[in-house]
Amino acid sequence: MAIPPLPGRDHDGHGLEARRQWAKLSLLANRRMLDQAEGHAARVAQQDFILRMWVVDRLGPDDTDPDWSPEALASDTLGALSLTPPQASALAEYWRDLPTGQIRELRRHKNLTAHLESLIGYLAPGQVRERLVTWTATRPLLP
């Protein structure tokens, strides 16, 4: 018979704070590893958003640290997007005819919004949440 974990601890015995510290280290490693990579900013942002969402989903939000705050993640996500949902939708209608650079930009937006389905559940009703909901409807249209 397995012994249940202590309150505030996972099955491996690590507390929530220790797990967040490891996740923070992972964020830093991601930034350094991709420092010299082509498309650095988009890749770092995408990996950061996914890891941050994973931590919020598994360990819960922590509004005292912007890396684990759903509101900060929502703001960072919107800040990383250069197109609006209507612009992205219009381009996506005929994406096969677009130059490679524009197709790449649509893919970048699709990758940067991969975590939104989970994130929206953590946000209070308001303008930011509604903008992200619009992106969740736009994302499947992107190549």
Side-chain angles (χ1 to χ4, degrees), residues 1-93 95-96 98 100-143:
M1 176 177 207
I3 299 172
L6 296 171
R9 298 198 179 273
D10 204 328
H11 289 285
D12 60 7
H14 293 107
L16 296 179
E17 188 56 35
R19 296 177 77 74
R20 281 194 179 100
Q21 288 174 349
W22 280 109
K24 186 75 80 170
L25 180 61
S26 181
L27 283 174
L28 295 172
N30 175 61
R31 292 173 186 143
R32 291 190 137 234
M33 179 180 68
L34 296 174
D35 222 6
Q36 304 302 320
E38 184 180 327
H40 163 67
R43 289 183 195 190
V44 168
Q46 177 190 3
Q47 293 297 324
D48 277 8
F49 295 167
I50 294 296
L51 177 60
R52 289 166 65 187
M53 191 69 249
W54 185 90
V55 170
V56 168
D57 275 341
R58 301 311 183 285
L59 304 178
D62 179 0
D63 290 330
T64 65
D65 185 332
D67 285 331
W68 320 133
S69 165
E71 290 79 13
L73 180 54
S75 177
D76 291 347
T77 301
L78 290 170
L81 302 173
S82 60
L83 298 173
T84 65
Q87 290 170 327
S89 294
L91 289 171
E93 285 184 38
W95 70 267
R96 287 178 179 85
L98 295 174
T100 305
Q102 284 185 303
I103 295 170
R104 187 176 299 124
E105 186 65 11
L106 290 174
R107 289 293 304 161
R108 185 179 81 82
H109 280 69
K110 187 168 190 168
N111 291 335
L112 290 173
T113 55
H115 61 288
L116 294 185
E117 295 274 338
S118 294
L119 179 59
I120 287 169
Y122 291 95
L123 300 173
Q127 183 182 14
V128 169
R129 185 179 189 281
E130 289 310 310
R131 288 176 64 193
L132 294 177
V133 167
T134 303
W135 268 109
T136 62
T138 304
R139 189 173 185 274
L141 305 174
L142 303 178

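By convention here, the first residue in the shown sequence is residue 1.
Contact of the Arg104 side chain with the Thr100 side chain is registered, since non-hydrogen atoms from C-beta on lie closer than 4.5 Å. Leu142 is not listed as a side-chain neighbour of Ser89, based on a closest heavy-atom distance of 4.5 Å or more. With contacts defined as side-chain heavy-atom distances shorter than 4.5 Å, the pair Thr77/Leu116 qualifies. Between His115 and Leu73 there is a side-chain heavy-atom pair separated by less than 4.5 Å. Inter-residue side-chain proximity for Val133 and Ile120 is flagged as met; some heavy-atom pair is nearer than 4.5 Å. Leu59 places a side-chain heavy atom less than 4.5 Å from the side chain of Arg20. Under the 4.5 Å side-chain criterion, counting only non-hydrogen atoms from C-beta, Leu106 is in contact with Leu98. For the pair Leu132 and Leu119, the minimum side-chain heavy-atom distance is below 4.5 Å.
For Lys24 and Asp67, the salt-bridge test passes: some basic side-chain N is under 4.0 Å from an acidic carboxylate O.
When every heavy atom of Ala45 is checked against every heavy atom of Leu112, the shortest pair comes out as CB-CD2, 3.7 Å. The two atoms that bring Lys110 and Pro143 nearest to each other are CD-O, 3.3 Å, heavy atoms only. Residues Ala72 and Pro66 share a closest heavy-atom pair of CB-O, 3.3 Å.
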| request: Given side chain to side chain contact (heavy atoms under 4.5 Å, CB included), test Glu71 with Val128 step by step and report yes or no. | output: CA-CA 9 Å; Glu71 290 79 13; Val128 169; over 6 Å; no
| field | Evaluation steps, side chain to side chain contact (heavy atoms under 4.5 Å, CB included), between Trp135 and Leu81 | value | CA-CA 10 Å; Trp135 268 109; Leu81 302 173; 3.5 Å; yes
| query | Going through the distances and angles, do Arg52 and Leu27 end up as a side chain to side chain contact (heavy atoms under 4.5 Å, CB included)? | reply | CA-CA 8 Å; Arg52 289 166 65 187; Leu27 283 174; 4.2 Å; yes
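For Tyr122, there are no ring pair (Phe, Tyr, Trp, His ring centres under 6.0 Å) partners, not counting sequence neighbours. Residues that satisfy the salt bridge (charged side-chain N to carboxylate O under 4.0 Å, His left out) test with Asp62, not counting sequence neighbours, are absent from this structure.
Remark: Arg131 CZ to Leu78 CG distance equals 4.5 Å, nearest 0.5 Å.
Checked by atom type and distance alone, the side chain of Gln87 pairs as donor or acceptor with a backbone atom of Thr84 at under 3.5 Å.
Judged purely by distance below 3.5 Å, without hydrogens or angles, the side chains of His109 and Thr138 never pair a donor atom with an acceptor atom. There is a side-chain donor-acceptor pair under 3.5 Å between Glu105 and Ser82.
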